Amino acid sequence: MPSSDPHRESVVLRVEIVPEQVAALGGLIGASPSAAPAENADLRARQDELARREAELRQERSRLDRAARDLAEREASAASSGQLTASEKIRLAQRLKHTGELEQELEVRSETLEERAGRLDLREAEFEADVELREEKIECWRSELTELDQRLKRREAEVLAYVAEVQEELIRRENAGWQDVAASIRH
């Protein structure tokens, strides 16, 4: 039965008889029903072999038909998936373009972040330097204030000593002045 499937191939069965077999077949064709049972057994064995081979050929033909159908289905699937592949390629190209744009945007953002990080590092370094300078100034002021405090305490001690001396002198003069007044009164 011819198939409408263009990918399906016909299987042709050929029987080839070689000269050695002609003699054997010639004896069978001309043999009478009373021929020897050995010849009949040989003929039956050959017929059985032929039937077995025909069955194998039918099975092979069936397997080949299934394979041809599967192949046709695969080709049809491949053709339709080729169309899907084209649309997928378009989507993939769009995704690649979008991914490229995102990568460029990420690079710009990364550069911006790196610049900001650099500026922050610079500001932090400047701040730390400023803090260190201020700490040095404060330390200098502290040492100057300590020195001034010590000088002030020495001055206070000197002033107190001077005031004590002046008071003693005043008291002594006063006492001496009163004694002079008292002596002049007595005299």
Side-chain angles (χ1 to χ4, degrees), residues 3-11 56 58-187:
S3 173
S4 61
D5 188 1
H7 299 293
R8 189 170 181 182
E9 295 182 16
S10 300
V11 176
E56 286 176 0
R58 279 193 298 273
Q59 287 176 351
E60 186 65 20
R61 173 180 254 166
S62 173
R63 188 188 67 77
L64 288 174
D65 287 343
R66 283 192 307 270
R69 281 192 303 270
D70 288 346
L71 181 61
E73 288 174 6
R74 286 183 186 171
E75 286 177 350
S77 175
S80 66
S81 70
Q83 292 170 353
L84 292 176
T85 305
S87 65
E88 287 175 355
K89 286 180 182 179
I90 291 170
R91 275 189 251 129
L92 182 61
Q94 290 172 344
R95 284 182 183 170
L96 286 174
K97 181 181 175 186
H98 184 66
T99 303
E101 291 170 354
L102 288 176
E103 285 177 351
Q104 288 177 348
E105 185 179 333
L106 286 174
E107 282 183 33
V108 168
R109 286 183 179 182
S110 175
E111 290 173 1
T112 303
L113 287 175
E114 286 177 12
E115 288 175 12
R116 286 181 181 176
R119 287 187 295 213
L120 282 175
D121 289 343
L122 181 63
R123 284 177 57 193
E124 183 180 357
E126 289 173 349
F127 179 75
E128 287 178 5
D130 187 44
V131 167
E132 286 179 18
L133 286 174
R134 287 182 182 188
E135 286 177 352
E136 287 178 10
K137 285 181 182 178
I138 289 171
E139 195 60 38
C140 285
W141 290 342
R142 184 176 290 138
S143 64
E144 286 177 10
L145 283 175
T146 304
E147 185 181 317
L148 287 173
D149 188 43
Q150 289 173 356
R151 281 180 38 199
L152 181 61
K153 286 180 182 177
R154 278 194 311 262
R155 292 277 187 178
E156 282 179 353
E158 290 174 0
V159 168
L160 286 174
Y162 179 72
V163 167
E165 242 179 71
V166 169
Q167 283 178 345
E168 284 178 16
E169 184 64 29
L170 281 175
I171 292 173
R172 190 177 48 84
R173 284 186 187 176
E174 239 179 53
N175 285 338
W178 285 107
Q179 288 175 355
D180 287 341
V181 172
S184 60
I185 295 181
R186 284 190 211 156
H187 294 298

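None of the values given here were measured: they were computed from a predicted structure.
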Whether Thr112 side chain and Val108 backbone form a donor-acceptor pair below 3.5 Å: yes

Any Glu139 side-chain heavy atom under 4.5 Å of Arg142 side chain: yes

Nearest-0.5 Å distance, CG of residue Leu106 to CG of residue Leu102: 6.5 Å

Separation between CD1 of Ile138 and CG of Leu145, rounded to the nearest 0.5 Å: 11.0 Å

Side chain to side chain donor-acceptor pair (under 3.5 Å) between Arg66 and Ser62, intermediate numbers included: CA-CA 6 Å; Arg66 283 192 307 270; Ser62 173; 2.9 Å; yes

Verdict with reasoning, Glu126 to Arg123, per salt bridge (Lys or Arg N to Asp or Glu O under 4.0 Å): CA-CA 5 Å; Glu126 289 173 349; Arg123 284 177 57 193; over 6 Å; no

Test log, rule side-chain contact (heavy atoms from CB on, under 4.5 Å), inputs Arg61 and Leu64: CA-CA 5 Å; Arg61 173 180 254 166; Leu64 288 174; 5.7 Å; no

Flag side-chain contact, heavy atom, 4.5 Å: Leu148 against Arg151: yes

Donor-acceptor under 3.5 Å (Thr99 side chain, Arg95 main chain): yes

Student check: side-chain heavy atoms of His98 and Glu101 closer than 4.5 Å: yes

Residue pairs involving residues 153-169 (criterion side chain to side chain donor-acceptor pair (under 3.5 Å); sequence neighbours excluded): Glu169-Arg172, Glu169-Arg173

Residues Asp130 and Arg134 bridged, charged N to O under 4.0 Å: yes

